[in-house]
Amino acid sequence: MSLLDVAAIKADFPIFDKKMRNDARLVYLDSGATSHKPQQVLDAERTFYTQHNAAVHRGSHLLAEEASAAYEGAREIVSHFIGADVDEIIFTKSATESLNLLAYSFSNTNRGVFALKPGDEILVSEMEHHANLIPWQQLAKRTGATLTWFGTTDEGRLDISKIDSLISTRTKIVAITHQSNVLGSINPIHMIAEKAHTVGALVVVDACQSAPHFALDVSTLDADFIAFSGHKMLGPTGIGVLWGRAALLAQMEPFLYGGSMIESVTMESATWAPAPRKFEAGVPNMAQAVGLGAAINYLQAIGMEKIHDHEVALTNYALSGLQTIKGLRIFGPLDTVDRGGVISFALDEIHPHDAGQVLDQYGIAVRTGHHCAWPLMRKFGVAGTTRASFYLYNDLSDIDVLIDGIAATQKYFKVS
Amino acid sequence: MSLLDVAAIKADFPIFDKKMRNDARLVYLDSGATSHKPQQVLDAERTFYTQHNAAVHRGSHLLAEEASAAYEGAREIVSHFIGADVDEIIFTKSATESLNLLAYSFSNTNRGVFALKPGDEILVSEMEHHANLIPWQQLAKRTGATLTWFGTTDEGRLDISKIDSLISTRTKIVAITHQSNVLGSINPIHMIAEKAHTVGALVVVDACQSAPHFALDVSTLDADFIAFSGHKMLGPTGIGVLWGRAALLAQMEPFLYGGSMIESVTMESATWAPAPRKFEAGVPNMAQAVGLGAAINYLQAIGMEKIHDHEVALTNYALSGLQTIKGLRIFGPLDTVDRGGVISFALDEIHPHDAGQVLDQYGIAVRTGHHCAWPLMRKFGVAGTTRASFYLYNDLSDIDVLIDGIAATQKYFKVS
Amino acid sequence: MELDSLYQEVILDHYKHPLHKGLSTEKTVQVHHVNPSCGDEITLNILLQDGVVSDVTWDGVGCSISQASVSMMSDLVHGKSLDEAFVIVDSFSELMSSKGSLQGDESLLEDAVALAGVSKFPARVKCALLGWMAFKDAAIQGRDGEKI
Amino acid sequence: MELDSLYQEVILDHYKHPLHKGLSTEKTVQVHHVNPSCGDEITLNILLQDGVVSDVTWDGVGCSISQASVSMMSDLVHGKSLDEAFVIVDSFSELMSSKGSLQGDESLLEDAVALAGVSKFPARVKCALLGWMAFKDAAIQGRDGEKI
Ligand SMILES: Cc1ncc(COP(=O)(O)O)c(C=O)c1O
Ligand SMILES: Cc1ncc(COP(=O)(O)O)c(C=O)c1O
């Protein structure tokens with residue numbers, strides 16, 4: 001078990017000074033929804049605003065020059081973080097926008113690999129977050145293509161037993177999550193991508209729950225596009241990333257139209273700048289990009305390997321602890337093989353919302369509900385679950401508090 | 001002439017402490033591109049992150065409750081600012097996204113007022129920013145509708161002489177800027193909207209250059225939709241607003257699909273939450289919305305009327321001063337009737353880029369180029385202009401520095 | 001503990017032993033409502049006779065607050081005229097949006113005043129309202145149907 | 001003043017008296033390039049004979065840097081073999097991306113070394129490169145066309 005120095009890390013996150021209900025300390029187990037921000041990130045944003053604020057790529061003055069350098073510098077940081085070329089990084093407002101950008105771009109054209117027609121198939125999975133499901137449902141609706149999906153095993157892993165029939169020459173897009181935000185299971189992207197590429201399908205990976213938690217390298221992942229959000233990886237809200245292979249970005253139609261994404265404009269028509277500019281219309285979320293750059297620097301200074309090891313240790317400890325509780329059922333793998341630090345569970349006779357409410361009295365922040373994965377809830381026959389998710393600022397004592405909190409919850413509702 | 005206490009205002013904006021090239025003070029005349037931020041806005045964002053950070057609408061814990069209250073509180077501030085109902089305010093990342101949201105929503109349906117077909121017309125103007133032009137070009141392309149436009153008079157005002165033939169029963173959408181970001185001219189929205197509504201067309205107003213600068217009330221403006229950006233009105237980057245009439249928002253199709261915008265989801269299909277939720281997929285740009293709320297509070301504490309008067313006084317002073325310069329040509333009205341604080345000009349024999357470069361040596365930040373209004377540049381027969389734009393933190397001395405800077409520029413290039 | 005103002009004993013009683021749960025076969029209107037943020041769902045039947053709510057039954061999944069609340073509501077409106085029922089629903093809605101400032105009119109709301117504490121927990125207000133909004137929807141449809 | 005490192009005398013001379021400006025009627029390839037951020041445009045003709053750039057002419061609008069730069073470029077590559085021209089273009093591109101760290105090879109770039117200072121002004125680098133990129137595009141098209 002290899003743990004980080006959590007006390008030192010926490011000192012960088014001002015929110016841990018906050019007093020929760022009943023003067024409890026904050027036991028934050030909801031990083032799967034959004035993470036907290038170290039002051040390094042807040043300072044980077046503030047410095048942007050107080051020293052370099054200007055519209056990027058648009059002025060000949062010093063501030064515009066500095067703002068552009070800061071914004072493009074952030075793009076470089078992101079590109080190194082995932083092993084990509086700098087021009088392959090598109091800044092969006094969120095992973096949700098990144099995935100919608102892709103889906104719209106597909107129906108904004110009728111040429112080449114991006115054109116879909118009736119009979120074509122888009123393959124997703126039953127464990128997708130709504131953000132990697134509904135955009136594809138709607139793309140299917142717009143183009144007449146058919147949506148198909150991988151199921152989930154009872155253990156909470158992707159059911160790849162039918163992969164040979166699911167991936168066929170009809171398959172044009174495979175959109176799959178890297179790690180489930182409910183089950184914690186990590187999907188075998190490489191194997192799926194290899195298969196998808198033999199039939200010429202494009203592979204889209206929702207990296208929202210992976211990019212923040214372990215090292216990710218697009219040069220070996222074998223995906224064609226990946227999407228993730230800054231706010232789940234110590235970055236500000238309002239910033240997301242879409243990475244795509246340069247050759248594909250060059251062929252893609254834009255999504256948002258407006259300033260800075262053009263080559264030339266007349267009243268009747270317009271032509272586009274090269275990627276990534278083509279996909280970044282308007283004055284961008286500059287300060288947020290800079291904040292994300294600072295967040296990545298922070299993560300990398302600690303090391304993604306170490307963060308991953310830390311989370312594996314926490315997950316191990318939590319899985320053992322939770323399994324000692326009577327009337328508690330875990331959804332998702334019970335070991336840490338191909339599994340991240342997200343644990344969903346149900347308590348007999350206690351609705352997740354009620355559990356969350358009692359835990360809140362002890363300063364414990366968990367998430368309750370369907371976690372934007374409603375089809376997965378139906379598969380497991382529940383309306384929702386309670387989810388604890390871990391990050392670099394959590395330690396074993398947080399898990400002890402959770403386990404005591406669950407006992408208190410059962411006592412409060414006279415179950416057990 | 002009624003001027004604000006600029007020294008007091010400047011004290012709230014840390015960027016004015018910055019030393020520019022050659023140790024010059026910052027003479028910021030580029031607020032039309034983006035404005036600076038008072039520390040009240042930066043503090044509001046930071047407080048959100050350090051005290052209330054959580055994913056809104058998603059958790060039962062204290063932080064989620066506080067984050068939701070902060071985010072929804074910002075929505076209320078915006079709604080009061082423009083005289084709208086709170087559920088009519090949609091947070092986007094920028095005005096560019098707001099306008100694209102609308103244009104996509106039109107082609108995401110084939111029912112009711114939002115359905116467009118060949119023969120239908122979308123009316124814009126020659127002075128539109130690309131953000132209020134290209135989305136409509138593309139909507140026309142997707143639906144087979146035709147784009148038509150108002151021209152511009154030589155004085156730089158909207159040419160409404162052909163309004164009776166331009167607005168007909170074929171017209172379905174009129175999308176027009178409230179104030180030109182190049183010419184400063186303020187368009188007669190009320191008159192155009194009245195005419196448009198008699199033929200049942202919807203009226204979209206690009207309020208990017210108006211909402212920051214004068215009081216705007218949607219209950220009397222007569223528009224159906226308005227769009228603006230936070231970063232041009234002292235707010236953070238990465239936040240924009242779309243306002244729409246409740247009855248129209250109820251009929252509209254969503255734009256981005258994902259978490260939090262749904263009512264119910266299965267693998268095959270999904271139904272939508274009511275507005276504004278329907279249009280805000282994913283974890284939103286919460287801190288930026290909160291920052292925009294703080295920016296509006298700041299503006300309102302000073303008073304939009306007073307800000308407008310201040311800018312009129314500056315514009316008057318600048319128009320007189322600039323007209324004394326030989327070889328300088330102003331594009332746009334020469335008086336302050338229906339005109340905001342944006343002045344574009346050309347210098348004989350000096351390209352705007354070169355002018356901007358010399359001015360930068362004196363700490364003067366202006367914008368040069370086509371200002372994302374390329375068709376307007378063609379109309380005036382120039383590749384670009386130099387633009388000075390004013391805000392509440394500018395004073396008469398800034399204009400004096402600009403005028404001296406122009407003289408120095410002419411001297412440097414041996415013109416005059 | 002603050003929590004006790006939320007989970008009063010009578011709420012937990014209704015939760016464990018909900019009234020009118022189980023859908024009737026006879027009905028004037030059936031509605032289905034969901035709470036999109038947590039996934040709770042309710043199906044509700046009402047039977048109207050001469051402007052009177054002669055039967056209310058429901059089924060669904062939800063937290064203790066939502067289940068207890070729909071149990072209390074169905075018992076309250078059962079046998080009431082539509083007009084009386086609307087008054088009760090409006091009074092309850094007002095209580096829920098009171099942010100803890102109201103106690104609730106016990107003569108009108110009976111057991112449901114125990115839910116007054118919910119109004120201090122904004123995230124739970126929609127749990128408490130789920131069944132009531134379903135009933136209101138059904139009742140309006142029923143009334144408008146009768147008029148035709 | 002810092003500015004003088006940007007606007008050297010020879011640049012302003014080329015700007016006021018540009019070389020090879022005005023499009024020829026005879027040409028092997030014509031290209032049109034724009035600088036989307038400032039609206040500057042250039043049309044450039046090249047005439048290739050046996051792998052030699054026997055004529056370059058251009059027309060366009062732009063700032064002093066872009067106009068002077070295309071003037072210098074066209075004079076430099078005029079009469080050179082395509083291979084020689086590519087070496088010159090690459091050397092200039094390298095100079096432009098040097099952020100002020102290179103002086104430029106005067107034997108290769110002649111007057112164009114005066115543009116070295118531009119590399120310290122990131123917003124102006126694309127002004128200086130506009131004409132060169134247009135030429136490179138035209139030359140590649142011409143070479144590939146000759147090969148066929
Ligand atoms: C008139 C006008 N419309 C639209 C925009 C686009 O705003 P943004 O880039 O913030 O989306 C701008 C500013 O760039 C503008 O001035
Ligand atoms: C797996 C997964 N995909 C997509 C998303 C959507 O991310 P965002 O809301 O930041 O756009 C999330 C988080 O909410 C997620 O966990």
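Reminder, nothing fancy here: chain letters follow the sequence lines and each chain counts from 1.
- Contact of L42(A) with chain B is made through backbone and side chain together, with heavy-atom distances under 4.5 Å.
- Between M267(B) and V124(A) there is a side-chain heavy-atom pair separated by less than 4.5 Å.
- Neither the backbone nor the side chain of T148(A) comes within contact range of chain B; no heavy atom of the residue lies under 4.5 Å from a heavy atom of that chain.
- For a residue to count as touching a neighbouring chain, one of its non-hydrogen atoms must lie under 4.5 Å from one of that chain's; by this rule H52(A) touches chain B with backbone and side chain alike.
- Within the 4.5 angstrom heavy-atom criterion, only side-chain atoms of R378(B), from C-beta onward, approach chain A.
- What you find for A55(A) and A33(B) is that their closest heavy atoms are CB-CB, 3.9 Å.
- With values rounded to the nearest 0.5 angstrom, H61(B) atom NE2 is found 9.5 Å from L29(A) atom CG.
- Neither the backbone nor the side chain of F13(A) comes within contact range of chain B; no heavy atoms are under 4.5 Å apart.
- The shortest side-chain heavy-atom distance between Y28(A) and L63(B) falls under the 4.5 Å cut-off.
- Remark: E45(A) does not engage K37(B) in a salt bridge, criterion side-chain N to carboxylate O under 4.0 Å.
- With a threshold of 4.5 angstrom between heavy atoms, S264(A) approaches chain B through its backbone and through its side chain.
- In this structure, Y104(B) and Y104(A) have tilted ring planes: the angle between them lies in the 30° to 60° band.
- Using a 4.5 Å cut-off between heavy atoms, L133(A) touches chain B through its side chain atoms alone.
- The parts of Q51(A) that come within reach of chain B are both its backbone and its side chain, each placing non-hydrogen atoms under 4.5 angstrom from that chain.
- Between P236(B) and Y49(A), some side-chain heavy-atom pair lies under the 4.5 Å cut-off.
- For chain B, the nearby parts of K93(A) are the backbone and the side chain; heavy atoms of each come within less than 4.5 Å.
- H231(A) is not listed as a side-chain neighbour of N285(B), based on a closest heavy-atom distance of 4.5 Å or more.
- A 4.5 Å side-chain heavy-atom check between I134(B) and W272(A) finds at least one atom pair inside the cut-off.
- Heavy atoms of D17(A) lying under 4.5 Å from chain B are absent altogether.
- In this structure, CD on E263(A) lies 8.0 Å from CH2 on W374(B), to the nearest 0.5 angstrom.
- The contact between N53(A) and chain B is made by backbone and side chain atoms together, counting heavy-atom distances below 4.5 Å.
- The side-chain heavy atoms of D43(B) and R46(A), taken from C-beta on, include a pair separated by under 4.5 Å.
- For a residue to count as touching a neighbouring chain, one of its non-hydrogen atoms must lie under 4.5 Å from one of that chain's; by this rule S125(B) touches chain A with the backbone only.
- Proximity to chain B is limited to the side chain of L26(A), based on heavy atoms less than 4.5 angstrom apart.
- Here L62(A) contributes atom CG and K19(B) contributes atom NZ; the two are 13.0 Å apart, rounded to the nearest 0.5 Å.
- The closest side-chain heavy-atom distance from T50(A) to Q39(B) is not below 4.5 Å.
- The line from OG of S107(A) to CZ of R142(B) is 8.5 Å long, rounded to the nearest 0.5 Å.
- For E268(A), the parts sitting under 4.5 Å from any heavy atom of chain B are the backbone and the side chain alike.
- The side chain to side chain contact (heavy atoms under 4.5 Å, CB included) with L256(B) is formed by just one residue from the set L99(A), L101(A), N100(A); it is N100(A).
- A side-chain donor-acceptor contact under 3.5 Å links Q288(A) and T237(B).
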